[in-house]
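These notes concern the structure reproduced below.
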Amino acid sequence: MTKYIFITGGVVSGLGKGIAAASLGLILKSRGLKVVNQKFDPYLNIDPGTMNPYQHGEVFVTDDGAETDLDLGHYERFTDATLSKSSNTTAGRVYLAVLNKEREGGFNGGTVQVIPNITEEILYRMKLAEKESHPDIIITEIGGTVGDIESLPFIEAIRQMKYDIGEENCCYIHLTLIPYIKKADELKTKPTQHSVKELQELGIKPNIVMVRTEKPLGNTTREKLAAFCNIGTEDLIQNFTARSIYEVPLQLEKEGIGDAVCKALSLKCAPTHLEDWAKMVWRYENPKQSVNIALVGKYVGLHDAYLSVVESLVHGGIFNEADIAVDWVDAEILNDKKAAEERLKNADGIIVPGGFGDRGIEGMINAAAFARSHKIPYFGICLGMQIMVIEYARNVLGLKGANSTEIDKKTQYPVIDLMPDQNGVILGGTLRLGKYKCAVMPGTLSEKAYKEKTVWERHRHRYEFNNKFREELKNAGLIIAGINPERDLVEICEVPDHPWMVGVQFHPEFKSRPNRAQPLFRDFITEVCAYAAAHKNKG
Ligand code: GLN
């Protein structure tokens with residue numbers, strides 16, 4: 001029988017519910033349990049795929065091609081799981097399903113209401129993972145903050161769950177904030193008291209209250225707060241601001257979260273084993289050198305827009321015992337060549353991640369040109385590979401004005417274009433999403449990294465390397481290092497006579513793990529470290 005853990009948030013948003021949920025997943029997995037993490041978001045978009053990265057951060061893509069919330073990236077990285085379409089549900093998707101059923105006459109003339117119709121649909125979707133993979137535990141994070149109007153049906157659904165599957169199979173964890181008032185040197189528990197009261201008014205008594213706090217609560221405060229929250233002091237878990245997100249599972253376990261959850265769910269299981277994880281954290285926090293990587297993009301004002309890319313750089317850093325300093329470079333500033341050279345002169349490596357639209361494109365091309373001519377390690381991801389191809393076509397092959405038709409519809413040299421044979425859709429086709437096969441060419445840097453002939457990576461893009469220019473670009477030296485064999489699409493390009501300039505059409509950042517860096521990220525950082533060591537006195 002699958003048991004359910006629900007994580008809600010209170011007081012303010014952005015407390016790290018996703019990290020807490022992911023950490024708990026890791027802890028329970030290390031106790032020998034089969035765990036699935038999922039997220040239910042109360043907003044009305046069908047999925048975050050259409051949202052501006054500035055509003056919602058990165059869109060995380062699963063193997064099966066779902067565009068999901070970035071917290072799923074934390075779940076996969078912490079628990080080393082492969083999640084699916086059913087792992088992220090929004091209120092929009094729930095309402096759409098109910099309304100479609102209504103249009104099809106599925107309610108036999110009944111009145112369709114939030115309770116029971118929407119709540120039933122939520123409960124059905126919350127249990128999908130149970131049918132799909134029969135885990136011991138499903139951890140469900142509820143997006144938003146308790147008290148929001150739009151999250152009410154979700155709170156009601158999880159309240160009902162307890163009566164559906166029994167009290168011993170349901171554990172509610174509420175995460176709140178304890179503000180610290182510096183002037184008075186005091187920790188304030190009132191917002192937590194109010195938030196727990198609000199949750200109880202909605203019919204849910206939390207089993208565990210987890211509090212984000214800068215400082216440890218004293219014994220008297222602990223006892224007072226636990227009493228107000230209707231829990232024992234052992235079920236009040238402190239969640240301190242950690243040095244890194246990967247330290248959070250270690251801290252929460254020290255606070256007793258694993259035992260508290262097992263008690264609430266009457267679970268008998270092995271003790272927590274986080275030894276390997278702790279070693280990884282130690283390595284992360286004790287680097288032997290520091291490297292400077294320029295991340296050139298158009299959404300650099302919100303770092304969450306590139307979350308998985310930065311985490312993957314960190315993973316490469318952990319492997320290479322290097323601290324990664326990300327230099328956030330707004331691509332538009334690089335539109336001027338001279339400005340680009342000045343801005344990038346201290347970079348030990350340059351990364352151009354994914355993106356859409358034309359803003360900052362010329363700046364990215366200047367960054368690629370600078371990396372190529374100065375032999376600085378360069379990693380191009382999705383748009384970053386397209387940029388690398390455009391730069392090569394313009395500056396090596398001499399195709400003046402070469403471009404992607406996403407940027408310049410009338411370019412004479414559309415080296416990146418929509419493929420007419422791709423699903424037969426020429427204009428406004430849907431994105432190519434999810435995992436696809438890539439055959440890796442022998443003797444390339446990519447083969448050296450992957451050590452495999454065939455790899456599967458996740459995609460999220462619409463435009464492709466234009467095969468009409470393939471021969472010409474190859475003759476000019478560009479190395480085609482990876483191909484999708486089914487459709488003969490270029491997946492990886494490499495620049496010759498350069499230590500490491502690699503562009504990939506897919507998103508390798510979605511498959512990297514802290515203790516198993518994605519091979520291309522790992523090797524990119526190895527090269528960045530070598531470059532930094534050789535140019536120590538550059539700055
Ligand atoms: N805009 C490009 C395309 O659609 C790249 C997308 C991306 O970088 N994710 O092909």
Side-chain angles (χ1 to χ4, degrees), residues 47-54 56-63 65-68 70 73 295-300 302 304-310 312 329 331-332 350-365 367-368 378-391 393 402-409 411 414-423 425-436 438 457-469 482 484 487 489-493 502-512 518 520-521:
D47 63 40
T50 54
M51 288 189 197
N52 184 333
Y54 266 132
H56 202 255
E58 105 181 340
V59 173
F60 186 82
V61 180
T62 55
D63 262 359
E67 297 181 278
T68 72
L70 52 73
L295 187 152
V296 180
K298 67 186 255 199
Y299 316 110
V300 291
L302 182 73
D304 268 0
Y306 302 105
L307 186 63
S308 292
V309 169
V310 173
S312 303
V329 182
E332 267 184 307
I350 295 175
I351 187 160
V352 179
F356 293 83
D358 59 4
R359 189 162 61 78
I361 291 292
E362 290 303 319
M364 294 176 200
I365 295 170
Y378 173 99
F379 196 9
I381 294 177
C382 205
L383 178 65
M385 180 197 94
Q386 300 175 353
I387 292 291
M388 197 176 113
V389 173
I390 296 167
E391 192 279 325
N403 217 328
S404 158
T405 49
E406 181 183 11
I407 316 300
D408 178 3
K409 293 229 168 346
T411 172
V415 290
I416 305 293
D417 198 5
L418 288 171
M419 293 290 102
D421 59 332
Q422 223 184 305
N423 301 323
V425 183
I426 299 177
L427 278 174
T430 47
L431 290 175
R432 185 169 168 229
L433 285 168
K435 74 167 182 187
Y436 285 90
C438 170
E457 293 283 5
R458 299 181 192 172
H459 293 248
R460 182 172 184 253
H461 67 114
R462 186 172 284 125
Y463 292 81
E464 301 284 357
F465 181 109
N466 188 348
N467 280 339
K468 284 188 199 135
F469 292 90
N484 171 259
R487 298 198 209 162
L489 297 171
V490 172
E491 297 276 16
I492 314 177
C493 295
V502 178
V504 292
Q505 188 56 79
F506 44 78
H507 289 273
E509 71 271 26
F510 295 141
K511 285 178 72 172
S512 193
Q518 198 280 345
L520 296 171
F521 274 95

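Note that ligands are numbered from 1 as they come in the structure, with each ligand's atoms numbered from 1 the same way. Note that this is a predicted model, so its numbers are computed, not measured.
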Without hydrogens or angle criteria, can the side chains of E457 and Q518 be said to hold a donor-acceptor pair below 3.5 Å?
yes

For a quick check under 3.5 Å, do H459 and Q505 share a side-chain donor-acceptor pair by atom type?
no

Would H461 and R432 count as having a side-chain donor-acceptor pair, cut-off 3.5 Å?
yes

Pairs of nitrogen or oxygen atoms, one from ligand 1 and one from the protein, closer than 3.5 Å: please tabulate them with distances.
{"from": "ligand 1", "atom 1": "1 (N)", "to": "G355", "atom 2": "O", "distance (Å)": "3.0"}
{"from": "ligand 1", "atom 1": "1 (N)", "to": "E406", "atom 2": "OE1", "distance (Å)": "2.7"}
{"from": "ligand 1", "atom 1": "1 (N)", "to": "E406", "atom 2": "OE2", "distance (Å)": "3.1"}
{"from": "ligand 1", "atom 1": "4 (O)", "to": "R462", "atom 2": "N", "distance (Å)": "2.9"}
{"from": "ligand 1", "atom 1": "8 (O)", "to": "G355", "atom 2": "N", "distance (Å)": "2.9"}
{"from": "ligand 1", "atom 1": "8 (O)", "to": "G355", "atom 2": "O", "distance (Å)": "3.4"}
{"from": "ligand 1", "atom 1": "8 (O)", "to": "L383", "atom 2": "N", "distance (Å)": "3.0"}
{"from": "ligand 1", "atom 1": "9 (N)", "to": "R460", "atom 2": "O", "distance (Å)": "2.8"}
{"from": "ligand 1", "atom 1": "9 (N)", "to": "H507", "atom 2": "NE2", "distance (Å)": "3.3"}
{"from": "ligand 1", "atom 1": "10 (O)", "to": "Q386", "atom 2": "NE2", "distance (Å)": "3.1"}
{"from": "ligand 1", "atom 1": "10 (O)", "to": "R462", "atom 2": "N", "distance (Å)": "3.1"}
{"from": "ligand 1", "atom 1": "10 (O)", "to": "Y463", "atom 2": "N", "distance (Å)": "2.8"}

Between F506 and Y436, is the ring centre distance below 6.0 Å?
no

Does the pair E67/R460 count as a salt bridge with the N-to-O cut at 4.0 Å?
yes

Does the plane of the ring in Y54 sit parallel, tilted or perpendicular to the ring in Y299? Use 30° and 60° as the thresholds.
perpendicular

